[in-house]
Structure formats: C-alpha cells, structure tokens
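For reference, the structure discussed in these notes is given below.
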Amino acid sequence: MKRVAIVGGGWAGLAAAVKASQLGHQVTLFEMAQQLGGRARSLAPTDAGPRLDNGQHILIGAYRQCLSLLETVGVDPDRAFLRQALRLRYPRHEGLRLPPGPPLLSFVRGILSYRAWPLTARLSLLRTATAWLLRRFECAPKLSVAELSAGLPAIVRKELIAPLCVAALNTPAEQASAAVFLRVLRDALFSGRGSADLLLPKLPLSALLAEPAAAWLSARGVDIRLNTRVQDLGPCPGGWRVEDQSFDQVILACPSTQAATLCAELAPEWATLAGALRFEPIITVYLRSPGTRLPAAMVALQESAEAPAQFAFDLGQLGHAPGLFAFVISGAAAWVAHGLAASGESVLRQAVAEFDWQSPPQIMRVLAEKRATFACTPGLQRPPARIAPGLWAAGDYVDGPYPATLEGAVRSGFCAAEQL
Ligand SMILES: Cc1cc2nc3c(=O)[nH]c(=O)nc-3n(C[C@H](O)[C@H](O)[C@H](O)COP(=O)(O)OP(=O)(O)OC[C@H]3O[C@@H](n4cnc5c(N)ncnc54)[C@H](O)[C@@H]3O)c2cc1C
C-alpha cells in the first residue's frame with residue numbers, strides 16, 4: 001500500500017483516485033474548487049432556474065473507459081444516457097444517419113442510403129474511407145484534417161468532416177490533427193457494436209460522475225479535500241511533499257498550465273512541453289422557451305460568419321427542464337473575441353431563424369470556457385505521463401491517442417494509477 005496524493009478532481013483525477021483505491025493505495029485527493037468534476041461539472045444551483053452544466057458534453061459508444069468508470073461508481077449507463085445511433089439531424093430535414101448494426105456495415109449502409117448527397121459524393125466518401133482503413137487509419141503526423149479530406153466532395157467536407165472534426169477535436173479542420181481525427185474515427189467505426197453511437201447525458205454532469213464518485217471514494221476511506229489549492233510540491237525523503245504532508249507518490253491531475261507551474265523547477269523539460277500547449281474555447285448559450293420542442297434531442301446546425309453554433313440540444317428531451325436548450329459553439333476563439341453578449345445575440349438570431357418556437361426564446365445564460373480543450377494541431381508534442389520518479393501526470397492533455405475528451409482524461413487517470 002502506498003500513500004498517494006492526487007492533485008485535481010476532474011474526470012482524470014477521479015479516475016485515478018478510483019483506480020488507486022481499487023489497487024489498495026491510501027489516497028488523498030486535493031481539489032482547489034468547492035466541488036469535484038473540473039471542466040465537466042454542474043454549476044451551483046440558483047433559485048432562478050434549473051441547474052445548468054458548465055457546457056454540454058456528449059460521449060460516444062467507443063468511450064469504454066468512461067463507461068467502465070461510471071459503472072464502477074454505481075452509475076448505470078443505460079439510465080444515465082440517451083443512446084442513439086450516429087445521426088446528424090438538421091432543423092428542417094433529416095441528415096446522415098447510421099442504422100443500428102455492426103459499425104462498419106452500418107457506416108456503409110448509412111452512406112449509401114443518404115440520398116441528399118449525389119451518388120458520386122457517397123461513393124467518393126466510401127472510397128476514401130476504404131483507403132483510410134487500408135492504411136489502418138494512420139497518416140503523417142503533420143497532416144491537417146483539411147488536407148486529409150481535400151479530395152472529398154465539398155458537400156461531404158461541409159456536412160460530415162467539418163462538424164465531426166469540431167465536435168471531436170474542438171479544433172477547426174484547417175488546424176486540426178488528421179492523425180488524432182483518424183484515431184477517433186477508427187475507434188468509432190471498429191471497436192465493436194455501438195461504438196459510433198452518441199451518448200447524450202440525461203443527468204446533470206455532477207450527478208453523472210462527480211457526486212457518485214465522491215460517495216464511492218468516501219466510502220472507501222479516500223480523504224477528499226475540497227477548496228484546497230496545491231501550491232507547494234517538492235521532493236522529501238522517500239517520496240514527495242504536497243503542502244506540509246508527505247506521500248510515496250503523487251499524481252498531478254490538474255490542467256497542463258497548473259501542472260507546468262508546479263513542476264517548473266522539479267522537471268523543467270516536462271514543464272516546458274506542458275506549458276507550450278495552446279487552447280480552444282467553447283461557448284454554451286442556454287435559451288429558454290416554454291412549450292417548444294426541437295425536432296430531436298441533438299440537432300446539427302450550419303455554421304456561418306453570422307450563425308456561430310454548430311449543435312443545439314433540447315434538454316427537455318434529455319430529462320432536464322422542458323423548454324431549456326443548449327446551443328454550442330466549439331472552436332469558439334473568434335466568438336470569444338466578439339464578446340459574450342454579441343455571441344449570445346448571434347446564437348439567438350440563429351435559433352430564431354432555424355426553428356419554430358412556441359414562445360419567443362430568451363437567453364438564460366452565456367458561458368465561455370476559455371481553456372475548454374487543448375488545440376489539437378498536427379504534429380503536437382504532448383507531455384508524457386511520467387514527470388519524475390514517483391511523480392505522474394494525468395489529464396486530457398497527457399500524451400495519448402485521444403483529443404481532449406472525457407475518455408482521454410479517464411484513460412490517463414487509470415493509466416497513472418496503474419503505474420504507481
Ligand atoms: C464546455 C466544454 C464542453 C466539452 N465537451 C466535451 C464533449 O462533448 N465530450 C468530451 O469528451 N469532452 C468534452 N469536453 C472536454 C472535457 O470536459 C475535458 O477533456 C475533461 O473534463 C478534462 O478532464 P481533466 O480531469 O483532464 O481536467 P479538468 O477537468 O480541468 O480537472 C482538473 C482539476 O484540477 C483542479 N485544480 C487545478 N489546479 C489545482 C491545484 N493547484 N490544486 C488542486 N486542484 C487543482 C481543477 O479545479 C479541476 O477540477 C468539453 C469541455 C468543455 C469545457
């Protein structure tokens with residue numbers, strides 16, 4: 001049994017704490033906020049309305065480590081998510097939709113039967129996907145998604161590649177890493193039945209993981225210290241000192257910027273890599289319109305210079321308050337520069353133009369997470385999990401196959417705990 005400190009209680013830190021506890025270690029979890037969950041959390045409830053999340057999250061069936069973590073802490077994925085085969089529904093018409101079945105077959109059938117695209121476009125996508133498959137979904141590290149898909153017809157790039165890329169990597173196709181994009185596609189299409197399914201949370205994010213995980217960890221004697229920002233980390237005989245307490249090993253599960261600051265003198269090379277990562281923001285605009293229902297729980301939108309959101313979610317259809325909607329702007333750097341008020345108004349105009357509303361929609365809240373994810377660019381060098389002997393990093397940014405996602409965070413948390 002080792003005394004283990006985990007710094008940061010987001011999804012990576014919680015995954016690390018659960019795994020380390022399962023492995024029999026004595027765990028102390030430090031979290032600077034007053035709640036666990038990090039970038040995937042619910043906001044504090046207010047008297048003014050329903051509990052909101054810091055931003056809409058979606059998972060896919062291939063996120064197996066996330067699902068396993070949820071099951072471990074007692075969350076039943078069948079009850080926690082609305083699960084549906086991959087479907088791009090637009091406000092006024094049905095888009096591409098994959099029928100249920102083995103992923104590869106369902107992809108081929110879905111594409112061939114999508115008559116909104118000319119046959120030449122459908123065949124071109126199938127030819128290109130076959131070429132990716134034959135190359136095992138691998139490509140040169142320096143390639144961007146726009147370069148990778150340059151040979152595809154414009155309609156396929158606009159209606160499939162661009163929205164998938166920004167949804168999965170939160171980085172526009174021109175700047176996004178093709179190697180990481182292909183890896184996500186590979187896992188979605190080839191990691192078994194249901195791997196491409198969309199999983200839309202029916203619970204507030206904190207009820208999805210943070211709260212059940214906290215209960216699970218507390219019941220196993222894990223010492224959870226909220227409101228505790230770690231600012232002092234250093235070696236001590238036989239291990240590491242965190243603030244004024246000594247531990248055998250430490251997992252830094254805070255974001256890359258904080259980890260780089262804590263390690264600046266302890267591991268300067270690692271800290272330089274971590275500190276060099278750049279970020280992409282996400283804006284979520286919550287609208288309210290009693291009586292309105294969107295044509296599906298998740299609706300894809302055509303983004304343009306005036307219409308910023310790429311997806312709209314009808315939270316009423318997901319078991320939250322009816323008449324509540326989340327509009328998401330991923331890769332939102334330009335809109336953050338315009339300002340939150342202007343972004344909210346643009347989304348409102350887009351929403352009014354795209355949907356039929358039973359009552360005039362009103363802006364409830366505009367939230368920006370300026371460092372939502374690292375910018376997943378071609379050839380990006382990400383810091384490894386090992387910082388120094390007995391000092392590990394966990395987080396969505398740590399070197400691995402995935403972009404900044406819940407699955408990347410959970411995988412890295414499990415992996416760090418297994419190294420202890
Ligand atoms: C708006 C938004 C939408 C997103 N949508 C999706 C999506 O649809 N699907 C998806 O898979 N991913 C999505 N993501 C990304 C996903 O949320 C992140 O990849 C994931 O939450 C990162 O988890 P983490 O544990 O690595 O980091 P974090 O969640 O950032 O956790 C780090 C924790 O460390 C704490 N901390 C920092 N410094 C210290 C310190 N010195 N001492 C103690 N504690 C400290 C922080 O308070 C925080 O709780 C989205 C992110 C955002 C912001």
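These numbers were taken from a predicted model, which means no experiment stands behind them. Start at 1 and go down the list; that is how both ligands and their atoms are numbered. We use all heavy atoms of the structure for the numbers below, so side chains are in, but hydrogens, waters and symmetry mates are not.
Listed by chain and residue number, Val336 satisfy the side-chain contact (heavy atoms from CB on, under 4.5 Å) test with Lys370 (two or more places apart in sequence, or in another chain). Remark: Phe325 engages Trp357 in a ring-ring contact (aromatic ring centres under 6.0 Å, His included) (not counting sequence neighbours).
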Please produce the table of protein N or O atoms sitting under 3.5 Å from N or O atoms belonging to ligand 1, one pair a line, distance to 0.1 Å.
residue, atom, partner, partner atom, Å
ligand 1, 8 (O), Ile58, N, 2.7
ligand 1, 8 (O), Ile58, O, 3.4
ligand 1, 9 (N), Ile58, O, 2.9
ligand 1, 11 (O), Leu406, N, 2.9
ligand 1, 14 (N), His57, NE2, 3.4
ligand 1, 17 (O), His57, NE2, 2.8
ligand 1, 19 (O), Asp396, OD2, 2.7
ligand 1, 19 (O), Thr405, N, 3.4
ligand 1, 19 (O), Thr405, O, 3.4
ligand 1, 25 (O), Trp11, N, 3.2
ligand 1, 25 (O), Ala12, N, 2.9
ligand 1, 26 (O), Asp396, N, 2.9
ligand 1, 27 (O), Arg39, NH2, 2.9
ligand 1, 29 (O), Arg39, N, 2.7
ligand 1, 30 (O), Arg39, NE, 2.7
ligand 1, 30 (O), Arg39, NH2, 3.1
ligand 1, 41 (N), Val230, O, 2.9
ligand 1, 42 (N), Val230, N, 2.9
ligand 1, 44 (N), Met32, N, 3.1
ligand 1, 47 (O), Glu31, OE2, 2.6
ligand 1, 49 (O), Glu31, OE1, 2.6
ligand 1, 49 (O), Glu31, OE2, 3.2

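Within the 4.5 Å cutoff, the side chain of Ile6 has no heavy atoms near those of the Thr28 side chain.
Residue pairs meeting the ring-ring contact (aromatic ring centres under 6.0 Å, His included) criterion with at least one partner in residues 74-104, sequence neighbours excluded, are Tyr90-His93.
Here Ser412 contributes atom OG and Arg382 contributes atom CZ; the two are 9.0 Å apart, rounded to the nearest 0.5 Å.
Under the 4.0 Å criterion applied to side-chain N and carboxylate O atoms, Glu31 and Arg41 are not assigned as salt-bridge partners.
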